[in-house]
Amino acid sequence: MCAYLHILNLLTVLVMMAQLQQGGPDEKEKTTALKDLLSRIDLDELMKKDEPPLEFPDTLEGFEYIFNEKGQLRHIKTGEPFVFNYREDLHRWNQKRYEALGEIITKYVYQLLQKECHLKKVTLPVDATESEPKSFIFMSEDALTNPDKLLVLIHGNGVVRAGQWARRLIINEDLDSGTQIPYIKRAVEEGYGVIVLNPNENYIEVEKTKAQVQPSSDSSDEPAEKRERKDKIQKETKKRRDFYEKYRNPQKEKETMQMYIRMIQREAEVKNKVTAVALTDSVHNVWHQEVGKTIREWMRENCCNWVSSSEPLDTSVESMLPDCPRVSAGTERHELTSWKSFPSIFKFFSKAVEAKNSSVKPTPTRRSNRIKYEEL
């Protein structure tokens with residue numbers, strides 16, 4: 001209620017400013033004073049005054065939620081789905097609560113990858129010391145030794161981590177639609193080795209001892225919350241800088257020619273080792289990558305993009321870009337494209353493997369007319 005009063009007072013000040021701006025010199029001086037007053041008001045801080053503490057449980061049970069036998073997140077007592085607006089008129093607090101639950105679900109999915117899918121967690125870089133920045137991926141036991149097939153899963157950008165397609169689906173729908181677990185299980189059944197990449201988790205904070213932490217001498221007069229926020233920003237910046245400093249190429253300018261040669265060599269290696277690439281509602285653009293004609297031809301032959309569309313599953317969807325074929329994922333919801341296209345993607349992979357073994361290239365969509373047009 002107090003927050004509403006603060007906002008109403010603020011609106012009153014804005015109305016007064018509008019009225020004063022229409023007056024003479026005295027009113028303009030008052031307007032200037034009011035503007036100075038408004039510049040000192042921190043709206044975020046204003047909203048926080050009557051907000052409950054941002055302290056949340058660190059387990060699903062603490063949130064009073066659990067995944068049932070169908071993989072759906074349900075309240076332990078009521079059996080109801082997750083409720084975002086747990087506290088009315090406190091959107092920021094509800095969002096922070098949702099994010100805290102999301103972090104717990106990330107760890108829960110990691111556990112499922114290991115216990116249910118029998119993948120092992122591998123730290124990268126493999127030679128990183130305990131104090132160095134690092135990340136991790138998940139692999140099946142035969143990922144590096146399987147002589148026939150390897151499936152590499154890469155999620156999209158955002159808050160999702162290894163093993164997830166969409167956090168929203170995990171929370172509001174179920175584990176099957178929101179995680180990569182169905183893909184992993186199907187791949188293992190069909191004899192694939194599996195690697196689950198984790199590109200959004202590209203750095204992990206290295207804990208420091210108390211001796212290493214030296215408080216700033218000029219920050220003692222700052223409010224504790226402001227100092228804490230500043231320290232957090234500095235830590236985030238340093239983590240990213242440490243990671244990229246370790247793995248950047250310090251002689252990039254001197255190696256332009258070698259880099260060009262390596263790109264050619266890598267193109268040949270990719271074409272030789274990668275049989276098929278399935279994309280789901282990908283927003284890539286071949287013109288941004290400056291790819292050559294041979295790469296574009298390879299993409300048309302070996303890649304397929306299942307896009308959000310109102311058309312039935314696998315219906316050809318035309319594109320103005322000269323990249324890979326596009327077909328409908330059978331849904332207009334972006335986050336559902338990976339789940340809805342799941343059976344079609346494995347059919348695509350099977351045909352690609354069969355075609356490679358028989359030296360006949362797969363034809364996932366109608367693209368012959370486009371190729372003939374480009375050749376003309």
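We use all heavy atoms of the structure for the numbers below, so side chains are in, but hydrogens, waters and symmetry mates are not.
In terms of the ring-ring contact (aromatic ring centres under 6.0 Å, His included) criterion, Tyr192 has no residue partners (sequence neighbours excluded). With sequence neighbours left out, Arg74 forms a side-chain hydrogen bond (donor to acceptor under 3.5 Å, both in side chains) with no residue at all. Applying the salt bridge (Lys or Arg N to Asp or Glu O under 4.0 Å) criterion to Glu332, with sequence neighbours excluded, gives no partner residue. Arg97 is linked by a side-chain hydrogen bond (donor to acceptor under 3.5 Å, both in side chains) to nothing, counting only residues two or more places apart in sequence or in another chain. Scanning for side-chain hydrogen bond (donor to acceptor under 3.5 Å, both in side chains) contacts around Lys77 gives Glu64, with sequence neighbours left out. Remark: Lys185 pairs with Glu116 by the side-chain hydrogen bond (donor to acceptor under 3.5 Å, both in side chains) rule, at least two apart or across chains. In this structure, the ring-ring contact (aromatic ring centres under 6.0 Å, His included) partners of His91, at least two apart in sequence or on a different chain, are Phe84. Qualifying salt bridge (Lys or Arg N to Asp or Glu O under 4.0 Å) partners for Lys70, counting only residues two or more places apart in sequence or in other chains: none.
Here Leu153 contributes atom CG and Asn198 contributes atom CG; the two are 12.0 Å apart, rounded to the nearest 0.5 Å.
No more than 12 heavy atoms of other residues, nucleotides or ligands shown are found within 6.0 angstrom of NZ on Lys107. Counting heavy atoms of neighbouring residues, nucleotides and ligands inside a 6.0 Å radius, atom CG of Asn157 does not exceed 12 of them.
For the residue pair Thr145/Asp142, the side-chain donor-acceptor check at 3.5 Å is not satisfied. A side-chain donor from one of Asp281 and Ser308 sits under 3.5 Å from a side-chain acceptor of the other. A donor-acceptor contact closer than 3.5 angstrom links the side chains of Ser338 and Thr280.
Without hydrogens or angle criteria, Lys96 side chain to Phe56 main chain gives no donor-acceptor distance under 3.5 Å. Checked by atom type and distance alone, the side chain of Asn200 pairs as donor or acceptor with a backbone atom of Gly156 at under 3.5 Å.
Note on residues 140-175: pairs passing ring pair (Phe, Tyr, Trp, His ring centres under 6.0 Å), not counting sequence neighbours, are Trp165-Tyr183. A salt bridge (Lys or Arg N to Asp or Glu O under 4.0 Å) check over residues 152-164, counting only residues at least two apart or in different chains, returns the pairs Arg161-Glu201.
Taking a 4.5 Å side-chain heavy-atom cut-off between Ile, Leu, Val, Met, Phe, Trp and Tyr, the cluster of Ile66 extends to Ile76.
Residues Lys273 and Lys356 share a closest heavy-atom pair of O-NZ, 4.3 Å.
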Solution key, residues 341-349 side-chain donor-acceptor pairs under 3.5 Å, sequence neighbours excluded:
| unit_1 | atom_1 | unit_2 | atom_2 | d |
| --- | --- | --- | --- | --- |
| Ser341 | OG | Thr337 | O | 2.5 |
| Ser344 | OG | Asp314 | OD1 | 3.1 |
| Ser344 | OG | Asp314 | OD2 | 2.7 |

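The shortest side-chain heavy-atom distance between Leu197 and Phe138 does not fall under the 4.5 Å cut-off.
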